[in-house]
Amino acid sequence: MSLSDLTQGAIARMVESTDTSNGVQNPVCQILSIKKISSTSTANPNVGDRYRIILSDGVHFAQAMLASQKRQMAENGEIDRNSVVRVLQYSSNNVQNRRILILLDLEVIGGPTPERLGAPKALEDQARPAGAGAPVKQENGATAPATSYGGAGAGASAGSTKPAMGGRPGGSSMNAGLPIYPIEGLSPYQNKWTIKARVTSKSDIRHWSNQRGEGKLFSVKLLDESGEIKATGFNDAVDRFYGLLQENKVYLISKAKVSIAKKQFSNLSNEYEIMFENSTEIEECTDASDVPEVKYEFVPIDQLENVEPNQTCDVIGVLESYGEVSEIVSKASQRPVSKRELTLVDQSGRSVRLTMWGKSAENFPQNQGVDDKPVIAVKGVKVGDFGGRSLSMFGSSTMMVNPDIPESHGLRGWYDNDGATANFKPYSNVGMAGAGGAGAGGNLAERRSIAQVRDENLGMSEKPDYFNIRATIVYIKQDNLWYTACPSDSCNKKVNQENDGLWRCEKCDKSFEEPQYRYLLSTNVADMSGQMWLSGFNDDAEQIIGKTASELYQIREENESEYTAVLHRAANRMYMFNCRAKQDTFNDTTRVRYTISRAAPVDFAKAGHELAEAIKAYL
DNA sequence: CCCCCCCC
């Protein structure tokens, strides 16, 4: 299908006519957007206003409704965004001074069309003198179609008895003269528009600095009945609009720039995005009832295992607990990032971890007004497979605390009656069983025995598996216990001694008088079910051995038997090991390596109490 | 004009 297949110019003539009989016969048009209208308008059965369509002839587009008898074409996917259709029968109706096309019969032609044909503009004047055409009567009390897009032209239309903006709810003197457009109607070719849209998410302010300069920016997602679009503000626009724009509120926005969306950076299905500019006007709109609310599609926590990792989804649950803010260093950017772990529970009897990042993590819970065990709804969070399933906030994810929606009230009632005393099966407690010893914050069932680690084939898939074991050091391998490392901060690469006696680091491109010694621990550990070899790095090895690698190097230089004694003393101690299992191939042999990510001495008193509790639970 | 979405 190409632009030439469309009946160019048809839209204007269709709108001018009353129906097929005096209009265009069988025009071929493209559907730019199709949107189910879920705000239950009691309106007109004649109109059957269930699906709102933006219809294009390649030159112009205009607003249309799919007649209710053709609803199934939308429901079964026969027609969709970008479909090319032949309009067999239509009518053009005057609804509150706007012309709305009603598509009474149509057929799909050609195969799927992947893109918008041509560069259609909004029909400048879709209004007509009252009484012309075949006006659709509004029954008493009947609601007008949701948002009154002057869309294609509620501007000062010839013969219109109303002022141009008379129908604009919550409007003001600002933005005067610019018709309200559906978001789907925006394009770079037309800049006289106003959208009335709800902010569904707002990012943190982000600062950047690269070779091209530096600055700050933020972005919001905007929603109306027709679709969604991302809008970004840079520098001055951050100062002007960041505070004004708030999640879930509705705004009139005009005089911003529409440009081609960089699709790879957006998960919204819109070819375009908006940039706020110096001339941009934004005003909160108090009459927001006709702009759709954020829609959630909640996945119960126990169903998360059916969601593919890396997908996004919406989850609602009671905030059972949350941790302290901590800092990690991003592997990709090498920059420190704050994070905070929340634990959500729901009626499915399971709990899941939700990670918050950056400022929102630091400012939680104050920024969310969190009281005791609130209901938390999150939208667009990333599903991870850490420890089964986990959740992680994106910059584009949104969080609502105690939202006023049925699911929230249901959870509140359930939690206050039953949930508060229930036990929840976690997806994972990996990483929580650390300093506290045996399962601090975790439960004993989640810990594995060494036999289980083998029986469950952990580390045999492409991705690493993580597990915890409580085991006793049996033996520490005595040769190659350390390597000569680069002494630069956070380099740790192996350095070799050159002919000049200096130690050279290829990565840092520097030479040093002395290397830093760092452990490469290989230790055999055992529990009641068996034994296994674990690899460990410097920090955990220091803790286990009780000396730095440099100290131990000196000891061995001076007294070989003392060296052996130090290693003997390190054995027969019990630790909680957080480990990672991953395949690796060396000399054509593939085997699973088990690496310590954290080792913590067992707190026997605490572990004993936990065992007692576990036994009690069986009785 | 950013574009990373992180870690165990």
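To find a chain, count down the sequence lines: A is the first, B the second, and so on, and within it residues start at 1.
Using a 4.0 Å cut-off, some side-chain N or O of Asn210(A) falls inside it from OP1 or OP2 of dC2(B). Residue Arg212(A) has a polar side-chain atom (N or O) positioned under 4.0 Å from OP1 or OP2 of dC2(B). Distances shorter than 4.0 Å separate none of the side-chain N or O atoms of Lys359(A) from OP1 or OP2 on dC5(B).
Proximity note for Trp208(A) (side chain, C-beta onward) versus dC1(B), dC8(B), dC6(B): the nearest is dC1(B). Distances were taken from every side-chain heavy atom of Phe394(A) (C-beta onward) to each of dC8(B), dC5(B), dC2(B); the shortest belongs to dC5(B). Side chain of Ser597(A), nearest nucleotide from dC8(B), dC6(B), dC2(B): dC8(B). You'll find that the side chain of Lys339(A) is closest to dC7(B), out of dC2(B), dC1(B), dC7(B).
A cation-pi arrangement is present between Arg350(A) and Tyr427(A), with the terminal nitrogen or guanidinium carbon under 6.0 Å from the aromatic centre and inside a 45° cone about the axis.
Nucleic acid contact for Gly213(A): none, since no nucleic acid atom lies under 4.0 Å from a heavy atom of the residue. Looking at heavy-atom distances under 4.0 Å, Ser396(A) makes no contact with the nucleic acid at all.
At whole-Å resolution of the value, NZ in Lys202(A) and C1' in dC2(B) are 18 Å apart. Per the geometry, NZ belonging to Lys382(A) stands 3 Å off P belonging to dC6(B), to the nearest Å. When rounded to the nearest whole Å, the span between CD1 of Ile205(A) and P of dC2(B) equals 17 Å. Summarising the geometry, the separation between NZ on Lys216(A) and C1' on dC4(B) is reported as 19 Å, rounded to the nearest angstrom. In this structure, the CG atom of Asn278(A) is 13 Å from the C1' atom of dC1(B), given to the nearest Å. Separating the CD atom of Glu341(A) from the P atom of dC6(B) is a distance of 12 Å, rounded to the nearest angstrom. Note: CD (Glu324(A)) to C1' (dC7(B)) measures 17 Å, nearest angstrom. The distance from atom CG of Asp204(A) to atom P of dC2(B) is 18 Å, rounded to the nearest whole Å.
Residue-nucleotide stacking is not present for Phe234(A) and dC2(B), judged by a side-chain ring centre under 5.5 Å from the six-membered base ring centre and planes under 30° apart.
Pairs of residues two or more places apart, or lying in two chains, that qualify as side chain to side chain donor-acceptor pair (under 3.5 Å) and include a residue from residues 212-223 of chain A are Lys216(A)-Asp239(A). Under the side chain to side chain donor-acceptor pair (under 3.5 Å) criterion, the residue pairs touching residues 520-536 of chain A are Asn524(A)-Gln531(A), Asp527(A)-Ser529(A), Ser535(A)-Arg593(A), with sequence neighbours excluded.
One finds the CZ atom of Arg518(A) at 13.5 Å from the NZ atom of Lys494(A) (value rounded to the nearest 0.5 Å).
The closest side-chain heavy-atom distance from Met393(A) to Leu354(A) is below 4.5 Å.
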